[in-house]
Colleague: 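Okay, handing you the structure first.
Computation of the quantities below employed the complete heavy-atom set of this structure, encompassing side-chain atoms and omitting hydrogens, waters and symmetry-equivalent molecules. Positions are given from 1 along the sequence.
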Amino acid sequence: MPMPPEALTPTAPNTDEAARAQIDRLLAQVRTERVAWSGGQVCWRGMGSGSPVVLVHGGHGSWLHWVRNIEALAAHHTVWAVDLPGFGDSDAPEGEGMAALLAPTLATLNALVGADTPLNLVGFSFGGLVAAQLAAQRPQVQRLALLGSGGHQGRRRPKGELVNWKPAWRANDAAALAQAMRHNLAMHMLSVDAPNIDALALRVHTDACVRTRFRSKEISRAGGLAEALAHYGGPTCLAWGEHDVTADPPAMAAELAAPLRGARTQLVAHAGHWVQYERADAINPLLLEWLGAVSARAPAPRG
């Protein structure tokens, strides 16, 4: 009998050594597929069995944006988490725009699972815009879930300025790099203060940032989300952390859902932008219920 999703939510380690060990443990469980296209390879990680669920990470991210979600989803589905072209272990696309990113992503996805295979798409941040564009272009996308999606052109609620971490990285100053990354995580990604950010979030974010070669911010700020959702027209779930600085969640939920038939919106308490990490205990059951794997159930309470 599958374990309940909350039982499969990894705890957050408090040392970098423990964080690296948790990532290594997940890497040992997934199957890695480097799928070729005309300009190089796109790296996909798979786990589980059943109907396919495709996870699309955010800007300055990697497949490990889903580090606290993959196992729970894979208990009921075949999960495929991508490193988008120009991120993580995938080669850079042949160009700088959304079309250049989408072409190899869609081609390698179809090569991996089959062009006519029904699947579900889940996207986070910039990956929400990417997932919506993929859903608009690919037949047989059954359900779409977007977490803190970019591409909405709505009001943002910044907590403070981000700091430039690249000088510390170039100088190989580990302490300064960690300080910059903690600050940026607190300002943009998570609702907690910088001293309380756990080692796993810091390790995932740092590794993803230093390996990002694709400029996503301008694409995400340019919009296109509402148009892609309208073109897709299928069942859509839109979720945000209540403290997400990249949007005004209640207003954006109403605006995006209004023209969509049967759209679901969800505001997740005690969470910032990286909602599926910070509140994996709520997002994992939400996604499994939305994707039809489990019955609706209340998320675990928070103190």
Side-chain angles (χ1 to χ4, degrees), residues 5-16 18-27 30 45 47 53 55-74 79 81-84 87-88 122-128 131 145-150 159 162 178 181-209 211-212 237-247 249 266-288 290 299-300 302:
E6 59 271 19
L8 295 171
T9 301
T11 57
N14 57 12
T15 68
D16 187 58
R20 291 175 185 270
Q22 187 161 313
I23 293 169
D24 288 343
R25 182 185 65 80
L26 186 60
L27 270 170
V30 300
R45 267 85 177 198
M47 180 187 283
V53 173
L55 306 179
V56 187
H57 63 77
H60 283 84
S62 75
W63 72 286
L64 287 172
H65 266 167
W66 308 98
V67 66
R68 302 189 72 207
N69 318 108
I70 289 174
E71 290 173 276
L73 297 176
V79 175
V82 66
D83 277 347
L84 288 169
F87 297 84
V122 184
F124 163 61
S125 192
F126 172 65
L146 306 184
L147 312 178
S149 184
K159 287 164 59 175
L162 302 181
M181 292 293 180
R182 282 187 183 276
H183 172 86
N184 289 350
L185 277 165
M187 290 299 102
H188 187 74
M189 296 287 278
L190 300 171
S191 68
V192 297
D193 294 331
N196 297 316
I197 289 170
D198 66 80
L200 182 60
L202 183 61
R203 172 52 48 200
V204 168
H205 186 63
T206 301
D207 288 351
C209 283
R211 301 187 69 198
T212 294
C237 179
L238 303 161
W240 289 267
E242 67 170 330
H243 302 298
D244 193 330
V245 301
T246 71
Q266 186 80 30
L267 191 66
V268 181
H270 310 295
H273 182 51
W274 194 3
V275 61
Q276 77 272 22
Y277 183 89
E278 195 164 13
R279 288 300 313 276
D281 62 317
I283 289 296
N284 290 345
L286 170 68
L287 289 177
L288 286 171
W290 175 249
R302 287 284 296 263

Colleague: State, yes or no, whether a side-chain contact exists between Asp16 and Leu202 at a heavy-atom distance under 4.5 Å.
Modeller: no
Colleague: Give a yes or no on whether the backbone of Arg68 and the side-chain of Asn284 come within a donor-acceptor separation of less than 3.5 Å.
Modeller: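 A pair under 3.5 Å: yes.
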Colleague: Is Asp83 paired with Arg45 through a side-chain N to carboxylate O contact shorter than 4.0 Å?
Modeller: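 Looking at Asp83 together with Arg45, the answer is yes, because their closest N to O distance falls below 4.0 Å.
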Colleague: Answer yes or no: is there an ion pair linking Asp207 with Arg211, defined by an N-O contact shorter than 4.0 Å?
Modeller: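 Between Arg211 and Asp207 there is no salt bridge, as every charged N stays at least 4.0 Å from the carboxylate O atoms.
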Colleague: State whether Arg279 and Glu242 are salt-bridged, where the test is any N-O pair (Lys NZ or Arg NE/NH1/NH2 against Asp/Glu carboxylate O) under 4.0 Å.
Modeller: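 No, no charged N to carboxylate O under 4.0 Å.
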Colleague: Minimum heavy-atom separation for Ala199 and Asn14, please, with both atom names.
Modeller: CB-C, 3.9 Å
Colleague: Ignoring hydrogens and geometry, is there a side-chain-to-backbone donor-acceptor pair from Lys159 to His188 under 3.5 Å?
Modeller: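 Looks like no, no N/O pair under 3.5 Å.
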Colleague: If I compare all heavy atoms of Arg203 with all of Ala19, which pair ends up nearest, and what's the gap?
Modeller: CB-CB, 4.2 Å
Colleague: Look up atom CD in Gln276 and atom CG in Leu147, then write down how far apart they are to the nearest 0.5 Å.
Modeller: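 Going from the CD atom of Gln276 to the CG atom of Leu147 covers 5.5 Å.
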Colleague: If only atom types and distance count, is the side chain of Asp193 paired as donor or acceptor with the main-chain N or O of Asn196 below 3.5 Å?
Modeller: no
Colleague: Hey, what do you get for OG1 (Thr15) to CZ (Arg20), rounding to the nearest 0.5 Å?
Modeller: 10.5 Å
Colleague: Nearest 0.5 Å, please: how far is CG in Leu84 from OG in Ser62?
Modeller: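 Those atoms lie 10.0 Å apart.
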Colleague: State the CG-CG distance between Leu55 and Leu73, to the nearest 0.5 angstrom.
Modeller: 6.0 Å
Colleague: If we only count heavy atoms from C-beta on, is the Trp66 to Val122 side-chain gap below 4.5 Å?
Modeller: yes
Colleague: For Trp274 together with His65, are the ring centres under 6.0 Å from each other?
Modeller: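 Yes: the rings meet the under 6.0 Å criterion.
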Colleague: Could you grab the distance from atom CG of Leu238 to atom CD of Gln266, nearest 0.5 Å is fine?
Modeller: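 Here the rounded value is 11.0 Å.
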Colleague: Tell me the closest heavy-atom pair linking Val56 and Ala131, and the distance in Å.
Modeller: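 In terms of heavy atoms, the two residues are closest at CG2-CB, 4.3 Å.
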Colleague: So, Ser191 and His270: side-chain donor and acceptor under 3.5 Å apart, yes or no?
Modeller: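 There is no such pair (donor and acceptor under 3.5 Å, judged by atom type) between the side chains of Ser191 and His270.
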Colleague: Would you check if Val192 and Glu278 make a side-chain contact, meaning some heavy-atom pair closer than 4.5 Å?
Modeller: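 With C-beta onward as the side chain, the pair touches.
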Colleague: For a 4.5 angstrom cut-off between non-hydrogen side-chain atoms, does Val67 reach Leu26?
Modeller: yes
Colleague: Looking at Phe126, Phe124, Tyr277, Phe87, which hits ring-ring contact (aromatic ring centres under 6.0 Å, His included) with His57?
Modeller: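 Between His57 and the candidates, ring-ring contact (aromatic ring centres under 6.0 Å, His included) is satisfied uniquely by Phe87.
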Colleague: For residues Ala280 and Pro285, report the shortest heavy-atom separation together with the two atoms involved.
Modeller: O-CD, 3.9 Å
Colleague: Where do Met189 and Asn184 land on the side chain to side chain contact (heavy atoms under 4.5 Å, CB included) test, with the steps shown first?
Modeller: CA-CA 7 Å; Met189 296 287 278; Asn184 289 350; over 6 Å; no
Colleague: Side-chain contact test, heavy atoms from C-beta onward, threshold under 4.5 Å: evaluate it for Met187 versus Val245 and give yes or no.
Modeller: no
Colleague: Check Ala201 against Leu190 and note the closest heavy-atom contact, atom names and distance.
Modeller: CB-CD1, 4.2 Å
Colleague: In the structure I gave you, are the side-chain heavy atoms of Asn69 and Leu287 within less than 4.5 Å of one another anywhere?
Modeller: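 Counting from C-beta outward, Asn69 and Leu287 never come under 4.5 Å.
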Colleague: Give, for atom CH2 of Trp290 and atom CD1 of Ile283, the distance between the pair rounded to the nearest 0.5 Å.
Modeller: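 Answer for the CH2-CD1 pair, Trp290 versus Ile283, is 13.0 Å.
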Colleague: Looking only at heavy atoms, which two atoms of Gly241 and Pro249 are closest? And how far apart?
Modeller: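 What the structure gives for the nearest pair is O-CG, 3.7 Å.
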